[in-house]
Amino acid sequence: MSSPSPSAAATPAERYPFHDSALPLDKRVDDLLSRLSPAERLSMLHQYAPAVPRLGIGAFRTGAEALHGVSWLGVATAFPQAVGLGASWDEELVREVAEATSTELRAFHHHRPAAIAPDRGPNSLQAWAPVLNLLRDPRWGRNEEGYSEDPVHTARLGEAFCRGLAGDHPTYLRAAPVLKHFLAYNNEDDRCTTSSGLRPRVLHEYDLAAFKPAIASGAATGVMAAYNLVNGRPCHVSPLLETELRRWAAPTGRELFVVSDAEAPSNLVDPEHYFDDHAEGHAAALKAGIDSFTDHGEDSETVIGRLRAALERGLIDQANIDLAVRRQFELRFRMGEFDPESDPYAHIGAEVIDSAPHRALARRAAAASTVLLKNTGLLPLTDPAKKIAVIGPHGDALFEDWYSGTLPYAVTVADGLRARLAPAGGELTVHEGTDRILLRAASTGEPLNGTAFDLGDWGLGVLTLRAADSGRFLSVKEDGSLLADQPVVKSWDVHETFRLVEADGSATDGAGGGTGGGGAVLLQSVLTGRYAAADADGTLRVTAEDAAGAERFTRELLRDGRAEAVAAAAAADLAVVVLGNHPLIHGRETEDRRGLALPPAQEELLREVAAVRPDTALIVMSSYPYAVDWADEHLPAVLWTSHGGQETGHALADVLFGDADPAGRLPQTWYRGDDELPHPLDYDIIQAGWTYQYHRAAPRYPFGHGLSYGTFQYGELTVDAATLGQDGSIRAALTVSNTGSRPGTEVVQLYVRPLEARYQAPRRRLADFRKITLAPGQSRRLVFDLPAAAHLAHWDVATGAFTVDPGRYQLLAAASAEDVRATVQVTVEGPAPAPRTVLGRRTAAADFDAHRGIALVDATREAGDAVTPAESEAELLFSTVELTGAREFSAEVAAESAPEGAAVGAELEFAADGQVLATLPVPPTGSRYAWTTVTATLPEALRGVHDLRVTLRGPVRLAAFTVA
């Protein structure tokens, strides 16, 4: 049964114009706002907006998690993680997944009680998805949430997901998609205080490019600001919310509703210390464009009190409040809240949740997301009567990540293969490869919790202990007590991870390194750092602050998991080893990974299995890439899947036996284990060398890589014209044929690169892609239309705009970023770019062509960027600058202080073609935002075009310079 919305149920006998669905939307919002008192409008700014019974307006709250299925509200269809959906390279599939997700979200909205704050309104229809943050660094703890390291790929899949969430009705939304997290958010360690340095080229060519299409097309209805800072300024007060996002949205005629991330408005004061008090911080966020404050949980009064204080102090005015509330109500009208009789989605019933069509879609999505990384003929399997050993901690288990829904059921790899083998008389053996131990307390002689435990070894000494008798995980309770009562590891603070520490203080793998036992060990909680200790009555609690007061345990190895797994492999015809990560351990929200290696215990298990059973296929089931160098060099088959949801096992069985082609392709580069990656906080992908666009070392598996069971031949890549103007377009075409004996799926990728770039250009850049399925012998002709302004342009720092340089460009048709199959060259005609002009104009310091040792910082709290040395000295290069007639150099500088006793603590040096022309001392200005101008006369008038270098020494901040 469907129920009307709370707003409609509470509508008074008198109907107001805002109830009239025939009126234009802006008129309805105008009327509703006019009937709200100033206090009522102010109250709407918190995540939990209250009801206004006198007007028939129900309570409302922002935000439902819907990244790959409805999350946190109960059992719901679980689809592959976003990075897995990214691996599908399939916009239509992604749209279908989002449609199913939003349909179930509608069912939760109408039929399932609110899981959080049931008295504060129904479950929200505002979906906080998709995540469009780019997967620049594969060590990011939230890698699973993004689609890709490439902005074109991310933007297309993100827009498809938005359209699936929103539906196709011209007036009403099935759900309201909110893009996360704006902007340049790709690290978890200290995420609320770290700053992502974005030079203008990286900002416009990379990070903004992922967000723009979904907003400019009207597919997205909102954005969530990110926790981090960009160029020293918190994202929640970024001017980019207005100058970019809302500027893109303006032509759609729809307002963009911007929400804060949880507790981020409070972070502006503590821990960021960007503002002196919360009233000031909240005011700045509101004025910057934040429309709804997700802060202090259900406690609306604290947040509204701060905004009320800001209003009373004149930091904001009623117009600021009204604009934010207007955006909220526009969205609420579009979600059908005030028109239950007209809402085309109001009829959706609870039966859609985990329905048969959604189960089938989950299976298809998991198969389409599976990437075959290597295959020397082992796959597809052809004989279901074989004996297969499924080995590894992921072989008979599925794991939920933080944004997963509650799985309705779990089809593991073992389940899927068992169902495939059983009808044909095949045999399946399953072994996790984990040790079983008994931990006996020295003080009582009793086993811990009265049972043996199976050890999950997740690397870096972190273990989970699963009770052998119940299958539940040992967990530390609030009072320190230990109970094996958790069916899964899934909580914000993970209480189920431990270390076994030798009594002498060294770490252990939990089973004495395979020796069958060993000396006394201590049980330490990873969460609290405390050790298990015995109370006076002998009860064990995790309360000891150090090893001295800890209980000693003796280990008894009851089962050598690795040895048993190796024996199972030796007795089988084929081994399928399933390894990977637990999404809540190590790399996860709030915690980045330390490296790319598999946990040593998993790597050792794999090698020993392969030694006795050469026919071994490795399945990496993970939220992110691993360095699988040994596996690639020694195994006949390697596959990757993300944590694929409830139908993972069926999907992988489909792929392994060839019922489904491995249709996935990598959405990010898989680096080699010995490849030294850039620093995690170096967001300058150009100079640092991030992603397939700029990374020089050969990857283990490149972006876009993936094998099919079909074999494809690429024909000649042709263009409709060899030359075009700077505002022209290219039509490229080629024919792709399946020359194999099996049907297959191919992702044809089209890249571009300039051959005569005057700037540091990408090695290649994705322009377009098509996913096609061909029968044996079938061919298909593909046509790509490439406007030069969209695909050949770069951000020109000299003009502050995208520009297409004249010259030669290469188009590359490829099966991956490194597997180029056909190329063609085109020439863009037009006037050559003039040298950069600096005379008589202000040149922003951030508009450099290259740099050394800089940090990008905020020029003021409200707007503008500046440059400062990251350590003691930095250098900026400005290339091909016209300096004829230059006689004077002026710089806008700030320096908080000088060393004690010194009048000057910093200086600028101005040079042309290596010749130092001026050195300018910088006096302390008292504040990083107190700007002054220093000027030097050049020794003689310059002539011609030069490369300028500006060197910064000491604690100086440079906002801009002028040459006169």
Lys/Arg N to Asp/Glu carboxylate O, R466 vs D454, below 4.0 Å: yes
Test item: N133 side-chain N/O and N186 main-chain N/O as donor-acceptor pair under 3.5 Å: no
Passing candidate, side chain to side chain contact (heavy atoms under 4.5 Å, CB included) with S404, options D401, T406, L407: D401
M224 side, atom CE; I290 side, atom CD1 - distance, nearest 0.5 Å: 9.5 Å
S623-E144 side chain donor-acceptor pair, cut-off 3.5 Å: yes
Main-chain N/O of W458 paired with H586 side-chain donor or acceptor, under 3.5 Å: yes
Pairwise distance CD(Q668) to CG(L134) - rounded to 0.5 angstrom: 10.5 Å
S475 side chain vs E496 backbone, donor-acceptor pair below 3.5 Å: no
Side chain proximity check, L179 to C162, heavy atoms < 4.5 angstrom: yes
Under 3.5 Å donor-acceptor, S622 side chain and G580 backbone: no
Any L455 side-chain heavy atom under 4.5 Å of L465 side chain: yes
Heavy-atom donor-acceptor pair, H296 side chain to D299 backbone, under 3.5 Å: no
Donor-acceptor contact below 3.5 Å, side chain D261 vs main chain Y227: no
H111 vs I353 side-chain heavy atoms within contact, under 4.5 Å: no
Straight-line distance of H68 NE2 to F161 CZ, nearest 0.5 Å: 9.0 Å
Any side-chain heavy-atom pair of R418 and D415 under 4.5 Å: yes
R61/E298 ion pair, N-O < 4.0 Å: no
Under 3.5 Å side-chain donor-acceptor pair for R142 and Y403: yes
Residue pair V52, M44: steps toward the side-chain contact (heavy atoms from CB on, under 4.5 Å) verdict: CA-CA 10 Å; V52 185; M44 298 290 167; 3.6 Å; yes
Min side-chain heavy-atom separation L157-L85 under 4.5 Å: no
Side-chain donor-acceptor contact under 3.5 Å, D396 with T412: yes
NZ-CZ distance between K180 and F211, expressed to the nearest 0.5 angstrom: 11.0 Å
Pair H236, N267: side-chain N/O donor-acceptor within cut-off below 3.5 Å: no
Listed once per pair and sorted, the salt bridge (Lys or Arg N to Asp or Glu O under 4.0 Å) pairs that draw on residues 162-174, sequence neighbours left out: E159-R163
Heavy-atom pair with the smallest gap, counting every atom of V70 and A76: O-CB, 3.6 Å
Gap separating the OG1 atom of T154 from the CG atom of L135, nearest 0.5 angstrom: 6.5 Å
Side-chain heavy-atom pair T221, R254 within 4.5 angstrom cut-off: no
Side-chain H-bond candidate by donor/acceptor type, T451 with N449, under 3.5 Å: no
Parallel, tilted or perpendicular, as decided by the 30° and 60° cut-offs, for the rings of F18 and F333: perpendicular
Minimum heavy-atom distance between V75 and F108, given as atom pair plus value: O-CZ, 3.3 Å
Under-4.0 Å salt bridge between E188 and R191: yes
Side-chain ion pair, D485 and K477, N-O less than 4.0 Å: yes
Any L93 side-chain heavy atom under 4.5 Å of R364 side chain: yes
Atom pair OG/CH2 of S369 and W640 - distance to nearest 0.5 Å: 7.5 Å
Heavy-atom check, side chain of T370 versus side chain of L639, under 4.5 Å: yes
Short side-chain to backbone donor-acceptor contact, D457 and G459, under 3.5 Å: yes
Side-chain (E330) to main-chain (E255) donor-acceptor, under 3.5 angstrom: yes
Flag, side chain of R588 to backbone of W492, donor-acceptor distance under 3.5 Å: yes
Minimum-distance pair of heavy atoms, taken over all atoms of W402 and S71: O-OG, 4.0 Å
Ring centres under 6.0 angstrom apart (F473, H495): no
Residue pair P130 / Y147: nearest heavy atoms and the distance that separates them: CB-OH, 3.4 Å
Any donor-acceptor pair under 3.5 Å from H153 side chain to G86 backbone: yes
Polar contact flag, side-chain donor to acceptor under 3.5 angstrom, N581-H643: yes
Distance under 6.0 Å and angle within 45° of ring axis: R593 vs Y626: yes
